[in-house]
There are 2 protein chains.
Amino acid sequence: MGGEAPGSAPGTQDELNLGLLLFIPYRAMEKAVLDALDAAGYDITLAQARVFQRIDQDGSRITDLAEAAVLTKQTVGFLVDQLQRAGYVERTPDPRDGRARLVRVAPRGAAAVQASMRVVAEVEAQWTAYLGETRTAQLREALTILREITDPYQATDWRSKYNRG
Amino acid sequence: MGGEAPGSAPGTQDELNLGLLLFIPYRAMEKAVLDALDAAGYDITLAQARVFQRIDQDGSRITDLAEAAVLTKQTVGFLVDQLQRAGYVERTPDPRDGRARLVRVAPRGAAAVQASMRVVAEVEAQWTAYLGETRTAQLREALTILREITDPYQATDWRSKYNRG
DNA sequence: GATATTAGTCAGAATATCTGACTAGAATCG
DNA sequence: CGATTCTAGTCAGATATTCTGACTAATATC
C-alpha cells in the first residue's frame, strides 16, 4: 500500500487520494462508536447509525435524511422503521405538511447519543494528542468549510427554520 | 441540522463530530467517482470499489484487504470474486505462502483506475479552489498523519516488502 | 512430529439497497 | 376554483452486501 494504490492521485507516489484519506479515520471512528454502543447494549447497525446521526433535533423528514445520507427514500424508510421498532426514534406528523412525517430522536435514542458522544470525545482526544492542537483545529476547520460544498443536505438553520417556518 | 445533531461532540452547539465531518466529503468523492465510472461503462459497485481501491500494486491478500476495509474475509472474497469475473482483478498464487493468493489489478481494472484518477483530480481541484492551497495542504497533512493511528492495515513498505520478503 | 495458527473457501442466514409502481397531500397555473 | 403537476412517503419485489459458523489445506511453533 505504500506505493501507488488504485485510486491514488495521479503522479503522487506515496500520497493517497483525499477520498481514501478521509475514509480511513472516518471508518475508525465509526467502528469505535458502534463497538461501544454494542458493548453498552445498544443494538444499532452501521446502516441505521448512518441515518440516525443525521436526524435533526427538530425532527427530519425521510426525504431529507435520504438526501443527507445519499440513500433512497425507500432505504431510509426501511432503516427508520427498524430504529422506530427498537425505540430509538419516533415519528410524528409534520404540522406544516400533511404528506410528511417528522422523524425524531426518542428517549432511548437520546441515551444512545449520550453513549456515543462519550466515545467520540475519547477518540477525538486521542487524535488531538497525536496530531497536536493546531493541526486538529486546522483539520476541523478545513472539513467544516469543505462541508459547505460537499454536504448534499445543507440543512443549516436558514433552510430548516426560515424557508419552512 | 444546524443545531446539535445526534452524535455531535458534547458541548459544541454548531460543530459536528469529526466522524461525520470526515464522512460528508468522503461520500461526495465516492459518489463522484462511482458516477463517472458508471458513465464510462465500468460497472463497479460501491462495495466493490471500497475493496478495490485498497489493492496493492504488488498484489494483496484477501486477509489484508479485509483488515484494511474493515470487513470479514468472506465478504472480501465474495467481492473479489465479482471483480475477478468482471475482469477488474486477477488472482495469482502467492509464491511465499502456499495457502495464500494475491489479488492483483488486471488491465481492465487499471483502465478503471485511470478513469477514476481523473475524477479524483477534478474533485480535489474543486476542493482546493474552495479551501485554498494552504488549507488543502493542511487537510492532507493532518489526514496523512491521522492515518498512522487509524488505518487498521498499515501496509507500508516495511511490512509488505521486508517482514515478508 | 504433534499442536496451534493462518489463508481462504463453502454454506446459510440476515441486512441493506435499489428500481418501479402507487397513494395522498400540496403547489401551480390558467 | 379545478385540472395538472409535483412532492412525501409507502408497498412490492429483486439484488447486493455482510455476517456467523464450520471446514480444508498450508504454515509456524515448540
Side-chain angles (χ1 to χ4, degrees), chain A residues 27 30-31 34-35 38 43-53 55-56 59-86 88-104 153 155 159-160 163-164, chain B residues 27 30-31 34-35 38 43-52 55-56 59-86 88-104 153 155 159-160 163-165:
Chain A
R27 195 69 177 80
E30 187 174 63
K31 183 166 168 45
L34 267 291
D35 285 355
D38 184 58
D43 54 330
I44 292 178
T45 68
L46 191 57
Q48 289 165 6
R50 284 176 180 167
V51 168
F52 182 76
Q53 74 176 340
I55 299 172
D56 190 287
S60 296
R61 297 178 180 200
I62 291 288
T63 303
D64 292 339
L65 290 176
E67 193 180 1
V70 198
L71 295 170
T72 61
K73 289 187 296 181
Q74 293 92 321
T75 297
V76 172
F78 173 78
L79 294 168
V80 167
D81 279 348
Q82 297 175 334
L83 287 167
Q84 184 173 19
R85 247 179 280 121
Y88 295 109
V89 305
E90 54 200 15
R91 283 199 250 217
T92 56
D94 185 338
R96 285 174 282 186
D97 189 334
R99 296 166 299 180
R101 292 201 282 165
L102 293 176
V103 179
R104 293 170 183 282
Y153 183 53
R159 177 162 169 181
S160 52
N163 278 24
R164 288 176 187 157
Chain B
R27 195 69 177 82
E30 187 174 63
K31 182 165 169 47
L34 267 291
D35 284 356
D38 184 58
D43 53 332
I44 292 179
T45 68
L46 190 59
Q48 288 165 7
R50 285 176 179 167
V51 167
F52 182 76
I55 298 172
D56 190 286
S60 296
R61 298 178 179 197
I62 292 286
T63 302
D64 292 339
L65 290 177
E67 192 180 1
V70 199
L71 294 170
T72 61
K73 290 187 296 181
Q74 292 92 321
T75 297
V76 172
F78 174 78
L79 294 168
V80 166
D81 280 348
Q82 296 176 335
L83 287 167
Q84 185 173 19
R85 247 180 279 120
Y88 295 110
V89 306
E90 54 200 15
R91 283 199 251 216
T92 57
D94 185 337
R96 285 175 282 184
D97 188 335
R99 296 165 300 180
R101 291 201 283 165
L102 293 176
V103 180
R104 291 170 183 284
Y153 183 54
R159 177 162 169 181
S160 51
N163 278 24
R164 287 174 189 160

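All values below were derived from every heavy atom in this structure, side-chain atoms included, with hydrogens, water molecules and symmetry-related copies excluded. Letters A, B, ... are given to chains in the order of the sequence lines, protein chains preceding strands, and every chain is numbered from 1.
- I62(A) and G77(A) make their closest contact through CD1-CA, 4.0 Å (heavy atoms, listed as atom of the first residue, atom of the second, distance).
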Could you run down the sub-3.5 Å N/O contacts of the protein with nucleotides 28-30 of chain D?
none

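- Under the salt bridge (Lys or Arg N to Asp or Glu O under 4.0 Å) criterion, E30(B) pairs with R27(B), R50(B), sequence neighbours left out.
- For D97(A), the side-chain contact (heavy atoms from CB on, under 4.5 Å) test picks out R61(A), D94(A), R99(A), A100(A), with sequence neighbours left out.
- Here dT7(D) presents its C1' atom at 13 Å from CG of D94(A), a figure rounded to the nearest Å.
- The two residues V51(B) and A69(B) come nearest to each other via the heavy atoms CG2-CB, 4.5 Å.
- For the contact set between residues 78-85 of chain A and DNA chain D, defined by any heavy atom under 4.0 Å, there are no members.
- Not one side-chain nitrogen or oxygen of T63(B) sits closer than 4.0 Å to the OP1 or OP2 atom of dT6(C).
- The nearest whole Å value for the distance from the CZ atom in R61(B) to the C1' atom in dT5(C) is 13 Å.
- What separates CG of L34(B) from P of dT17(D) is a distance of 10 Å, to the nearest Å.
- Atom-to-atom, CG of L46(A) to C1' of dT17(D) comes out at 11 Å; the value is rounded to the nearest Å.
- Partners of D38(A) according to the side chain to side chain donor-acceptor pair (under 3.5 Å) rule, which considers only residues two or more places apart in sequence or in another chain, do not exist here.
- Looking at heavy-atom distances under 4.0 Å, R91(A) makes contact with sugar-phosphate atoms alone, never a base.
- In this structure, P95(B) and L102(B) approach most closely via the heavy-atom pair CD-CD1, 4.4 Å.
- Under the rule for a side chain to side chain donor-acceptor pair (under 3.5 Å), the partners of T75(B) that lie at least two apart in sequence or sit in another chain are T72(B).
- A straight line from CD of Q48(A) to P of dT18(D) spans 15 Å, rounded to a whole angstrom.
- In this structure, I44(B) places its CD1 atom 15 Å from P of dA16(D), rounding to the nearest Å.
- The distance from the CG atom of L71(A) to the CG atom of L65(A) is 9.5 Å, given to the nearest 0.5 Å.
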Report summary line: Encoded 5' to 3' (Watson-Crick or G-U under 3.5 Å; [ ] crossing; | other strand), DNA chain D becomes ||||||||||||||||||||||||||||||
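- At whole-Å resolution of the value, CD1 in I62(A) and P in dT23(C) are 20 Å apart.
- In this structure, the side-chain contact (heavy atoms from CB on, under 4.5 Å) partners of A47(B), at least two apart in sequence or on a different chain, are T45(B), L79(B).
- Q48(B) contributes atom CD, which lies 8.0 Å from atom OH of Y88(B) (distance to the nearest 0.5 angstrom).
- Remark: Q84(B) engages D81(B), V89(B), R91(B) in a side-chain contact (heavy atoms from CB on, under 4.5 Å) (not counting sequence neighbours).
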Report summary line: Readout for nucleotides 19-24 of chain D: B = base within 4.0 Å of protein heavy atom, S = sugar-phosphate only, - = neither; 5' to 3' it is BBB---
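- Atom CZ of R101(A) is separated from atom P of dT23(C) by 18 Å (rounded to the nearest Å).
- Rounding to the nearest 0.5 Å places CZ of R104(A) at 11.0 Å from CD1 of I55(A).
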